[in-house]
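Values reported hereafter were calculated over all heavy atoms of this structure, with side chains retained and with hydrogens, waters and symmetry mates removed.
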Amino acid sequence: AGGPVHAGPLAERLGHGYARPMPRTSSTPVDEAQAPQAKRLTSKGLRTRSAILDAAERQFSERGFEGVSLRQIMDEAGVKMGQLQHYFPTKEDVFVGVLDRRLSQVTADYVAAVDDMESHVEAGQADLRVVVRAVMSVSRAWLSAEDAGLHRYLRMLALSTMSFDQPDYVRSHGQSFQPLNERIIRQLARLYPQADPERTRAAYHLIEANLLSVYANVDSLLARSRITRSPAAIGNLYDHLEDFLVGGIDAVLRQGDLSN
């Protein structure tokens, strides 16, 4: 998953003489009344469905897919099993529902970040840091937001993406970001035309891998340093990660062999 490893309000420190991109971030999830399945639901049905998805998001982000049962989601949501399975017959269906309800929001934020990056390219202001920020900006904003559901979505996405046995529905969700990821990779190739295309693609995946680790472990990373989680703390963490990635990716793409 790209951008949210991809995926908000930004505007912290910058340097480089331009303002940090500010993709849209609403703390409100995608309007569930717009979901195809939800169009036929009453207002009570929409509330029940939303309660189930909220409960599932909490459970999956804490325990991962394998560690959660339908009964745990049922208890957390305060519904009966028949109600839960009316909307989501299987645990996989609930999981997909949780991922999909934020898909248009995270995609829109990632599009804004990539568009901003390309506007700097067209203005001749792009460097590696601009490209790395485009990948990081959505998750930086989402992890800094007050809406804990955004944090849980990223952790849930990370846990499922890093699974050795990645399910098809997780892979399909990630493919939604692929066109945007390819735009990032094209800019890396433009900045390092001498680099082997496969090495350039591998460099992009190194950015993804580091971001997934942050999504899954941000609270423990801060706790180990005895830092209280706050927007400022997330901003500082991302500033350090940005410096690390810029230095590392530059080294990778300047050398002849990724394995060296």
Side-chain angles (χ1 to χ4, degrees), residues 1-8 10-24 103 106-143 154 157-158 161-162 166 170-215 235-260:
V5 262
H6 358 356
L10 312 157
E12 293 91 3
R13 85 165 172 84
L14 261 209
H16 294 275
Y18 57 88
R20 189 182 291 277
M22 297 183 68
R24 173 190 63 80
L103 182 59
V106 71
T107 302
D109 286 359
Y110 192 22
V111 167
V114 175
D115 285 349
D116 185 89
M117 173 199 71
E118 291 179 340
S119 72
H120 285 97
V121 171
E122 292 169 5
Q125 299 173 333
D127 60 9
L128 179 57
R129 193 170 293 272
V130 173
V131 178
V132 170
R133 283 177 181 166
V135 185
M136 298 175 66
S137 63
V138 176
S139 60
R140 177 177 182 142
W142 281 36
L143 289 174
L154 290 175
L157 187 63
T161 301
M162 292 189 294
Q166 190 180 99
V170 172
R171 192 173 298 109
S172 176
H173 185 78
Q175 286 171 353
S176 302
F177 309 116
Q178 194 57 36
L180 295 165
N181 298 343
E182 292 298 328
R183 289 165 66 183
I184 297 288
I185 293 168
R186 280 198 295 273
Q187 294 309 321
L188 289 175
R190 216 168 143 176
L191 289 170
Y192 297 90
Q194 81 290 348
D196 178 79
E198 288 305 312
R199 190 162 78 254
T200 302
R201 187 170 294 276
Y204 169 75
H205 290 304
L206 289 176
I207 302 174
E208 276 196 336
N210 278 273
L211 286 175
L212 287 170
S213 180
V214 170
Y215 303 168
N236 288 333
L237 175 64
Y238 265 68
D239 286 344
H240 293 314
L241 180 59
E242 178 184 298
D243 290 341
F244 172 77
L245 289 172
V246 168
I249 297 304
D250 182 69
V252 163
L253 294 181
R254 286 184 186 280
Q255 69 183 9
D257 187 348
L258 183 64
S259 63
N260 286 343

May I ask you to test the [X]-[Y] pair for a side-chain heavy-atom distance under 4.5 Å?
{"X": "L188", "Y": "L128", "result": "yes"}
{"X": "L211", "Y": "L241", "result": "yes"}
{"X": "V135", "Y": "M117", "result": "no"}
{"X": "F244", "Y": "I249", "result": "no"}
{"X": "R140", "Y": "D239", "result": "yes"}

Main chain of [Y], side chain of [X]: is a donor-acceptor contact present, judged purely on distance under 3.5 Å?
{"X": "R199", "Y": "Q255", "answer": "yes"}
{"X": "R129", "Y": "V246", "answer": "no"}
{"X": "T200", "Y": "D196", "answer": "yes"}

For [X] and [Y], work out which heavy atoms get closest and say how close.
{"X": "A126", "Y": "V121", "value": "CB-CG2, 3.4 Å"}
{"X": "A113", "Y": "S137", "value": "CB-OG, 3.1 Å"}
{"X": "T107", "Y": "L103", "value": "OG1-O, 2.7 Å"}

Discussion item. Side chains of E208 and Y204 only: does a donor on one sit below 3.5 Å from an acceptor on the other?
Written reply: yes
Worksheet entry | Distance-only side-chain donor-acceptor flag, N236 / H240, under 3.5 Å |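 Their side chains do not contain a donor-acceptor pair, so the 3.5 Å distance test is not met.
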Fill in: Pair Y238-D243, side chain to side chain contact (heavy atoms under 4.5 Å, CB included): steps then yes or no
CA-CA 9 Å; Y238 265 68; D243 290 341; over 6 Å; no
Discussion item. Is there a side chain to side chain contact (heavy atoms under 4.5 Å, CB included) between R201 and E182? Walk through the geometry before answering.
Written reply: CA-CA 9 Å; R201 187 170 294 276; E182 292 298 328; 2.8 Å; yes
Fill in: Straight-line distance of Q175 CD to N181 CG, nearest 0.5 Å
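It is 11.0 Å, given to the nearest 0.5 Å.
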Worksheet item: How long is the span from the CG atom in L212 to the CD1 atom in I207, to the nearest 0.5 Å?
Response: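 L212 atom CG to I207 atom CD1 measures 12.0 Å (nearest 0.5 Å).
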Worksheet item: Can Q125 and V130 be said to form a side chain to side chain contact (heavy atoms under 4.5 Å, CB included), step by step?
Response: CA-CA 8 Å; Q125 299 173 333; V130 173; over 6 Å; no
Discussion item. By the side chain to side chain donor-acceptor pair (under 3.5 Å) test, which pairs, at least two apart or in different chains, include something from residues 183-192?
Written reply: D115-R183, E118-R183, Y192-D250
